[in-house]
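See structure below.
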Amino acid sequence: ADQQVLCRAACAQAVNEEQRLLAEMEAMVEAHERAIEHCRAASEADREWYTLDVQDCHRRRSHLLRDAFRELARDPPQLPEHVDAADGIRGRIYAGYAHSAQATVSKVKGFVQQRQDISQAA
């Protein structure tokens, strides 16, 4: 059951992170499009200032991000059955227990190895 809680918590966290990333991707697309508009306006105001190459770069990035966004949004990740809000909290607690246990085992192994080295040297 503990492994299921950890699984559900990790999956839910991944979905939440992806949702944040999608929001950031949308913001990046908008930022690139604003950059294109500003470059266009600046070039129109000063015909000597050439920005088509910069506009093309931002347009490519905008299209790339938009395509990636659409692909990710079209096929959202699935969650295991019975995920609830408490899984995130329990998952962090269980992960903390596991981390503490692993750190303890590592320290004990080091201590045991050190004692064996001392015994062999004596």
Side-chain angles (χ1 to χ4, degrees):
D2 294 348
Q3 288 296 327
Q4 290 177 1
V5 169
L6 287 171
C7 173
R8 289 191 303 259
C11 290
Q13 183 178 0
V15 168
N16 290 337
E17 290 296 325
E18 184 171 311
Q19 289 171 345
R20 276 194 278 275
L21 175 63
L22 290 173
E24 288 178 18
M25 289 173 77
E26 279 184 309
M28 287 189 294
V29 167
E30 291 171 8
H32 284 293
E33 289 174 356
R34 279 192 307 275
I36 293 166
E37 291 303 316
H38 286 289
C39 287
R40 185 177 303 139
S43 290
E44 288 174 3
D46 181 356
R47 298 281 181 192
E48 299 294 315
W49 202 42
Y50 181 77
T51 64
L52 287 179
D53 54 340
V54 174
Q55 291 178 49
D56 287 342
C57 175
H58 285 281
R59 189 171 290 106
R60 282 191 308 272
R61 288 198 155 331
S62 175
H63 288 293
L64 178 68
L65 287 164
R66 184 175 283 122
D67 291 345
F69 174 87
R70 285 180 185 146
E71 193 64 33
L72 288 169
R74 179 184 350 198
D75 186 24
Q78 303 223 349
L79 291 172
E81 293 179 1
H82 311 297
V83 172
D84 64 29
D87 286 333
I89 295 166
R90 285 191 301 246
R92 285 191 292 278
I93 292 169
Y94 293 172
Y97 291 159
H99 183 356
S100 296
Q102 190 171 17
T104 301
V105 167
S106 178
K107 291 286 185 189
V108 169
K109 282 183 180 178
F111 178 73
V112 169
Q113 183 63 45
Q114 186 179 26
R115 299 268 304 184
Q116 288 175 346
D117 292 345
I118 290 171
S119 294
Q120 290 174 354

What is the distance from atom CD of Gln4 to atom SG of Cys7, rounded to the nearest 0.5 Å?
-> 8.0 Å
Can you name the residues that form a salt bridge (charged side-chain N to carboxylate O under 4.0 Å, His left out) with Arg34, not counting sequence neighbours?
-> none
Salt bridge (charged side-chain N to carboxylate O under 4.0 Å, His left out) against Glu26, all qualifying residues, sequence neighbours excluded = none
Donor-acceptor pairs under 3.5 angstrom involving side-chain atoms of residues 49-57: please list them, not counting sequence neighbours.
residue : atom : partner : partner atom : Å
Thr51   : OG1  : Cys39   : O            : 3.3
Thr51   : OG1  : Ser43   : OG           : 2.5
Thr51   : OG1  : Gln55   : NE2          : 2.8
Asp56   : OD1  : Arg59   : NH1          : 3.2

Can you name the side chain to side chain contact (heavy atoms under 4.5 Å, CB included) partners of Gln19, sequence neighbours left out?
-> Val15, Asn16
Go through the structure and list residues passing side chain to side chain contact (heavy atoms under 4.5 Å, CB included) with Glu17, not counting sequence neighbours.
-> Gln13, Arg20
CD/Glu44: more than 12 non-hydrogen atoms of other groups inside 6.0 Å |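 Count over threshold, so yes.
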Could you list the donor-acceptor pairs under 3.5 angstrom formed by side chains in residues 62-72, with sequence neighbours left out?
residue : atom : partner : partner atom : Å
Ser62   : OG   : Glu33   : OE2          : 3.4
Arg66   : NH1  : Glu33   : OE2          : 3.4
Arg66   : NH2  : Glu33   : OE2          : 2.2
Glu71   : OE1  : Arg74   : NH2          : 2.9

For Ala73 and Pro76, which heavy atoms make the closest approach, and how far apart are they?
->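 Reported closest heavy-atom pair: O-CD, 3.7 Å.
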Option passing side-chain hydrogen bond (donor to acceptor under 3.5 Å, both in side chains) with Asp117 (candidates Gln114, Arg115, Gln113) =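 Per the side-chain hydrogen bond (donor to acceptor under 3.5 Å, both in side chains) rule, the option paired with Asp117 is Gln113, out of Gln114, Arg115, Gln113.
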